[in-house]
Amino acid sequence: MKSQAYFEKIHKHIENNLKISKTSIRIAVAWFTDTKLFDILCQKAKEGIHVELLIANHEINLESNIKYRDLTNNGGQIFWIGNEGAYAPLMHNKFCIIDNTTLIFGSYNWTRKAKSNHESITVIEEDYNLILDFNQEFDKIKNKYYNPNAEIDWIKIVIRLETLLNVIKLEDLEDINYQIDKTKSLIPKNHSDKKLDSIIIILNHCTKKEFSQAVILIQTFTSDYKKISIYNDPEIPALQLEIRSLEYQISSLSDEKTDIEKNIRSFELKYNEELGGLITKILYYKKIVAEKIAKESKDDKQKQEEYEEAKFDYEDFSKSYNDKLNEPKPLVLNEEKQNELKKNYRKATKLCHPDKVTEDQKELATKIFTDLKNAYDNNDLEKVNQLLINLEKGLFKSQGETINEKDKLKIILENLIRKRNELEEMLLSIKNTDTFNKISNIKSWNNYFKDTKEEFTRILEELKTETIV
């Protein structure tokens with residue numbers, strides 16, 4: 001399984017993944033007004049790729065410039081979700097399944113305006129269990145509107161049975177027959193659910209006027225249903241899946257933040273190692289020059305302040321330089337080992353991220369996650385691998401797998417959405433710093449340090465000359 005979070009050039013990453021599809025594309029998004037992405041779907045459908053698109057039957061889509069008919073004309077399928085002005089939310093996490101091997105989901109809307117928003121997507125490859133769950137969610141949304149018999153509305157069936165029970169008690173034969181027909185209409189013709197066999201037996205008893213047996217069976221069925229109705233709530237599986245996908249997003253965004261911070265730290269350590277000694281000498285000679293000028297201009301307050309400032313800069317940097325020299329250095333890994341470290345670290349974080357686990361597991365998960373991050377920051381591949389082995393034994397369970405009370409799930413969902421949004425803001429803030437932009441623009445660290453060292457050496461020689469003069 002591979003996962004990667006993106007919060008820059010998102011549109012391009014989606015484009016690239018759509019273009020390399022070989023067999024199928026399934027997309028479920030509330031809003032789809034991006035003409036470029038839609039044109040790619042039409043082209044892929046024309047090439048024989050099985051393309052399915054679920055979007056909201058809403059004015060935002062209906063009034064866009066996209067000619068949705070073009071997709072069906074090219075062999076694709078489009079399903080409008082909702083009717084009469086209402087629409088079903090296609091999860092907060094818009095998702096796309098490509099070739100049943102790649103899953104794309106996140107906060108990114110597939111609209112023209114989305115390119116300018118700070119949103120994110122997570123791309124996961126070869127997590128077949130998660131992809132299966134999203135495929136089932138896709139089918140559930142589609143079938144609800146386009147194949148209603150594929151889903152059994154147990155709530156309506158129970159209501160009908162309770163009504164049937166009441167009319168039996170009233171001995172209203174005409175109404176009994178009416179309720180029998182209404183209940184039958186809720187049962188799909190081709191079904192494989194054994195619980196429906198119980199309904200058919202009840203209705204057969206009613207048809208034969210064997211009402212005493214029917215009453216007993218109705219009371220047993222409705223009583224049993226109410227005991228387990230919380231587990232049959234159709235919204236719960238969708239909430240659980242959405243929580244699991246948010247857990248993946250948060251973990252992937254956290255990984256991205258860790259990588260950026262680690263890269264900045266590595267640059268700073270190398271900067272200190274390569275140039276710190278030179279800078280210390282430059283600041284020392286700047287202090288000597290400033291001191292010399294200050295002695296020659298004792299009545300000039302500005303020159304005295306410049307000397308104090310040069311003295312402080314030298315002493316402050318010198319201390320920082322020596323402190324960093326004494327810091328433990330990360331282990332040196334070759335490129336192959338670095339890739340293994342990154343891959344296994346990301347696998348491990350998906351299994352123990354504190355925002356993923358249940359409340360009673362948070363303390364232990366936080367400790368393991370901290371150990372894992374420290375090992376990663378220090379390039380301790382052996383420690384990361386050992387932690388991964390332990391985590392893969394199933395130490396922690398996702399909130400989306402273990403909790404099924406709807407109210408609790410909704411609270412967890414809102415907290416995770418807030419956490420994801422905070423991470424997106426933090427990453428955006430880091431990416432706007434001068435340090436990040438400086439490092440990002442350096443194509444080769446070796447060339448940068450070589451050129452900078454030459455420049456600093458020239459400055460140092462000039463300062464030495466000034467002190468001699």
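The basis for the numbers below is simple: all heavy atoms, side chains too, and nothing from hydrogens, waters or symmetry mates.
Contact check for L333 versus N379: side-chain heavy atoms found under the 4.5 Å cut-off. Side-chain contact between N17 and T102 is present, with at least one heavy-atom pair separated by less than 4.5 Å. The shortest side-chain heavy-atom distance between S252 and K350 falls under the 4.5 Å cut-off. Residues L18 and L41 meet the side-chain proximity criterion, which asks for heavy atoms closer than 4.5 Å. Side-chain contact between K286 and L463 is present, with at least one heavy-atom pair separated by less than 4.5 Å.
Between W110 and F38, the distance from one ring center to the other does not fall under 6.0 angstrom. Taking the six-membered ring where the residue is Trp, the centroids of F105 and F134 are separated by under 6.0 Å.
A distance of 10.5 Å separates CG in L388 from CG in L381, rounded to the nearest 0.5 Å. Expressed to the nearest 0.5 Å, how far CD1 of I27 lies from CD1 of I55 amounts to 10.0 Å. The distance from the CD1 atom of I66 to the CG atom of N61 is 7.5 Å, given to the nearest 0.5 Å. Rounding to the nearest 0.5 angstrom, the gap separating the CZ atom in F79 from the NZ atom in K142 is 4.5 Å. Of the inter-residue distances, the one linking C96 atom SG with I121 atom CD1 reads 9.5 Å to the nearest 0.5 angstrom. Between Q43 atom CD and D70 atom CG the span is 12.0 Å, to the nearest 0.5 Å.
For the residue pair H353 and S254, a side-chain donor N or O sits within less than 3.5 Å of a side-chain acceptor on the partner. A donor and an acceptor atom, one from each side chain of Y128 and N100, are nowhere located under 3.5 Å apart. In summary, the side chains of Q302 and E306 do present a donor paired with an acceptor at a separation below 3.5 Å, with no hydrogens or angles considered. Inspection of the D316 and Y321 side chains reveals no N or O donor paired with an N or O acceptor under 3.5 Å. A donor-acceptor contact closer than 3.5 angstrom links the side chains of E256 and Q4. In the model, K270 has no side-chain atom that pairs as donor or acceptor with a side-chain atom of Y448 under 3.5 Å. A donor atom on one side chain and an acceptor atom on the other are found under 3.5 Å apart for S107 and E424. Of the N and O atoms on the side chains of S251 and K356, not one donor lies less than 3.5 Å from an acceptor on the other residue. Under the 3.5 Å distance criterion, with hydrogens and angles disregarded, a donor-acceptor pair is assigned to the side chains of Q361 and T358.
S429 places no side-chain N or O within 3.5 Å of a backbone atom of E425 that could act as its donor or acceptor partner. Under a 3.5 Å cut-off, the side chain of N109 and the backbone N or O of T111 do not form any donor-acceptor pair. Not a single donor-acceptor pair under 3.5 Å links the side chain of N447 to the backbone N or O of K443. Between the side chain of N263 and the main chain of D259, no donor-acceptor pair closer than 3.5 Å is present.
In this view, K156 satisfies the salt bridge (charged side-chain N to carboxylate O under 4.0 Å, His left out) rule with no residue, not counting sequence neighbours. Scored by the ring pair (Phe, Tyr, Trp, His ring centres under 6.0 Å) test, F312 finds no partners at all (sequence neighbours excluded). Annotation: side chain to side chain contact (heavy atoms under 4.5 Å, CB included) contacts of Q136 (sequence neighbours excluded): L132, D133. Partners of I60 under the side chain to side chain contact (heavy atoms under 4.5 Å, CB included) rule, at least two apart in sequence or in another chain, are W31, T33, H58. Residues meeting the side chain to side chain contact (heavy atoms under 4.5 Å, CB included) test with Q304, sequence neighbours left out: A294. Shown here are the side chain to side chain contact (heavy atoms under 4.5 Å, CB included) partners of K44, two or more places apart in sequence or in another chain: S21, I25, I40, E47, I49, V51.
Crowding of Y307 atom OH: a count of heavy atoms from other residues, nucleotides or ligands under 6.0 Å exceeding 12. Crowding of K362 atom NZ: a count of heavy atoms from other residues, nucleotides or ligands under 6.0 Å exceeding 12. No more than 12 heavy atoms of other residues, nucleotides or ligands shown are found within 6.0 angstrom of CD on E309. Environment of NZ in K19: crowded, with over 12 heavy atoms of neighbouring residues, nucleotides or ligands closer than 6.0 Å. Annotation for N437: atom CG counts as buried by contact number, over 12 foreign heavy atoms lying within 6.0 Å. In the displayed structure, K46 atom NZ is contacted under 6.0 Å by at most 12 heavy atoms of other residues, nucleotides or ligands.
Looking at D255 and K262, no side-chain N of the basic residue comes within less than 4.0 Å of a carboxylate O on the acidic one, giving no salt bridge. The pair K2-E126 does not count as a salt bridge, with every side-chain nitrogen at least 4.0 angstrom from each carboxylate oxygen. Checked for salt-bridge contact, K450 and E454 meet the test: a charged N lies under 4.0 Å from a carboxylate O. Look at K257 and E261 and you find a salt bridge, because one of the NZ, NE, NH1 or NH2 atoms lies within 4.0 Å of a carboxylate O, short of that distance. Ion pair K324/E327 not flagged as a salt bridge, since none of the NZ, NE, NH1 or NH2 atoms sits closer than 4.0 Å to an Asp/Glu carboxylate oxygen. With salt bridges taken as basic N to acidic carboxylate O contacts below 4.0 Å, none links E315 and K287. For the pair E273 and K329, the salt-bridge criterion is not met [side-chain N within less than 4.0 Å of a carboxylate O]. Of the charged side-chain nitrogens involved, at least one lies within less than 4.0 Å of a carboxylate oxygen, so that E455 and R458 count as a salt-bridged pair.
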Stepwise, does the side chain to side chain donor-acceptor pair (under 3.5 Å) test hold for S398 with E247? CA-CA 8 Å; S398 162; E247 289 169 352; 2.6 Å; yes
If you apply the rule side chain to side chain donor-acceptor pair (under 3.5 Å), what do you find for Y68 with S64, and how did you get there? CA-CA 10 Å; Y68 296 101; S64 77; 3.0 Å; yes
Give the C-alpha distance, both sets of side-chain angles, the deciding distance and a yes or no for side chain to side chain donor-acceptor pair (under 3.5 Å) between E340 and N385. CA-CA 9 Å; E340 182 185 347; N385 287 348; 3.3 Å; yes
Checking salt bridge (charged side-chain N to carboxylate O under 4.0 Å, His left out) for the pair K367/E363: CA distance, chi angles, key distance, verdict? CA-CA 6 Å; K367 183 180 184 308; E363 186 177 349; over 6 Å; no
Show the numbers, then the answer: is there a ring-ring contact (aromatic ring centres under 6.0 Å, His included) between F267 and F449? CA-CA 10 Å; F267 180 84; F449 286 115; 5.5 Å; yes
Decide yes or no on salt bridge (charged side-chain N to carboxylate O under 4.0 Å, His left out) for E414 and K410, but give the supporting numbers first. CA-CA 6 Å; E414 288 303 315; K410 286 183 175 179; over 6 Å; no
Are D99 and T23 close enough, and set up right, to give a side chain to side chain donor-acceptor pair (under 3.5 Å), and what steps lead you there? CA-CA 5 Å; D99 297 342; T23 58; 3.1 Å; yes
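A parallel orientation is assigned to the rings of Y376 and Y345, their planes being inclined by less than 30° (bins at 30° and 60°). Ring geometry for F138 against F95 counts as perpendicular: the plane angle is over 60°, on a 0 to 90° scale with 30° as the lower cut.
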